[in-house]
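One is the number of the first residue; the rest follow in order along the sequence.
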Amino acid sequence: MALHIYIHPQDPQPRLIRQAVQMLRDGDVLAIPTDTSYALVCQLDDKNAVDHMRKIRGLDAKQHPFSLLCADLSQLASYAKVDNRQYRLLKLGTPGPFTFILEATKDVPRRVSHPQRRTIGLRVPGMRVTQALLDEMGEPLLATTMIPPGETDALNDAQEIAEQFAHQIQAVLDAGACPSEPSTVIDLSQGDPVLVRRGLGDPAQLGLQLDD
């Protein structure tokens with residue numbers, strides 16, 4: 001049965017954050033709130049946990065819906081190759097509801113980067129609970145949007161997640177309802193920025209006028 005952890009959205013309790021981080025370090029998969037929807041997360045280099053997240057989402061090996069949640073841009077730069085132009089865009093969009101696709105560095109395990117292009121999606125979320133978790137963890141978390149198998153809409157209610165996935169995840173961090181809209185995904189790996197998915201983040205915030 002998944003542990004249901006109620007946590008304050010604006011002032012997350014350090015004891016509960018430490019408890020969640022210890023579970024992640026022990027190999028558990030958690031559902032956590034972000035500034036878009038809830039997400040499944042695990043430790044980056046834990047192959048068993050990554051495989052379990054795939055199973056929960058109903059994904060095969062060819063599907064690649066993972067991104068790295070990073071605490072800040074300095075952490076992000078350890079896992080992606082970023083030039084000056086890309087950095088300026090990242091600075092405008094972080095923290096916030098954007099996922100940026102960038103060329104992965106050798107520090108990213110191949111099993112979680114794109115199998116052909118060697119890219120990875122990266123986010124710096126703005127929600128305080130997520131930030132507190134990342135700060136305590138001291139490293140990025142591997143994440144995928146909390147979407148049930150066969151569905152397209154992300155879940156944003158912790159109680160629903162706790163009930164529906166009670167025997168598949170180890171804990172839910174409940175900070176109340178999140179937005180149900182996913183992040184905006186922008187590919188920066190191929191030269192000019194390309195809008196992959198329009199979500200909560202407005203590309204105009206980055207000074208971009210991008211077509212779907």
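Annotation: side chain to side chain donor-acceptor pair (under 3.5 Å) contacts of Ser189 (sequence neighbours excluded): Arg117, Asp187. Not a single side chain to side chain donor-acceptor pair (under 3.5 Å) links Thr184 to another residue, sequence neighbours left out. Every side chain to side chain donor-acceptor pair (under 3.5 Å) that Lys81 has, sequence neighbours left out, goes to Glu103. Scored by the side chain to side chain contact (heavy atoms under 4.5 Å, CB included) test, Asp157 finds Gln159, Glu160 as partners (sequence neighbours excluded). Residues meeting the side chain to side chain donor-acceptor pair (under 3.5 Å) test with Ser183, sequence neighbours left out: Thr99, Arg197. By the ring-ring contact (aromatic ring centres under 6.0 Å, His included) test, Tyr6 is found to be paired with His4, residues two or more places apart in sequence or in another chain being considered. Pro179 meets the side chain to side chain contact (heavy atoms under 4.5 Å, CB included) test with Leu200; sequence neighbours excluded. Among residues two or more places apart in sequence or in another chain, the side chain to side chain contact (heavy atoms under 4.5 Å, CB included) test is passed with Asp83 by Arg85, Gln86. Residues passing the side chain to side chain contact (heavy atoms under 4.5 Å, CB included) test with Leu92 are Leu206, sequence neighbours excluded.
In this structure, a donor-acceptor pair under 3.5 Å is absent between the side chains of Arg54 and Thr144.
Put simply, the side chain of Leu76 reaches to within 4.5 Å of the side chain of Leu102, judged on heavy atoms. Using a 4.5 Å heavy-atom threshold, the side chains of Ile120 and Tyr79 count as separate. Looking at heavy atoms from C-beta onward, Cys42 lies in side-chain contact with Val50 at the 4.5 angstrom threshold. Counting only heavy atoms from C-beta outward, the side chains of Ile186 and Val194 never approach each other to under 4.5 Å. For the pair Phe165 and Pro148, the minimum side-chain heavy-atom distance is below 4.5 Å.
Residue pairs meeting the salt bridge (charged side-chain N to carboxylate O under 4.0 Å, His left out) criterion with at least one partner in residues 128-142, sequence neighbours excluded, are absent.
No side-chain donor-acceptor contact under 3.5 Å links Gln43 to the backbone of Gly27. Judged by distance alone, the side chain of Asp35 and the main-chain N or O of Gly126 form a donor-acceptor pair under 3.5 Å. Between the side chain of Gln170 and the main chain of Asp28, no donor-acceptor pair closer than 3.5 Å is present. Side-chain atoms of Gln75 come within 3.5 Å of backbone N or O of Ala71 as a donor-acceptor pair. Remark: the backbone N or O of Thr36 is paired with a side-chain donor or acceptor of Thr34 at under 3.5 angstrom. Thr94 places no side-chain N or O within 3.5 Å of a backbone atom of Gly96 that could act as its donor or acceptor partner. Under a 3.5 Å cut-off, the side chain of Arg57 and the backbone N or O of Leu40 do not form any donor-acceptor pair.
Here Val129 is tied into one hydrophobic group with Leu3, Ile5, Ile7, Leu16, Ile17, Val21, Met23, Leu24, Leu30, Ile32, Val41, Leu69, Met127, Leu133, Leu134, Met137, Leu141, Leu173, each link being a pair of ILVMFWY side chains closer than 4.5 Å. Here Ile101 sits in one hydrophobic cluster together with Val185, Val196; the rule is ILVMFWY side chains under 4.5 Å apart, joined directly or through other members.
The nearest pair of heavy atoms linking Gly176 to Asp174 is N-OD1, 2.9 Å.
Using a 4.0 Å cut-off between charged side-chain N and carboxylate O, Lys47 and Asp51 make a salt bridge.
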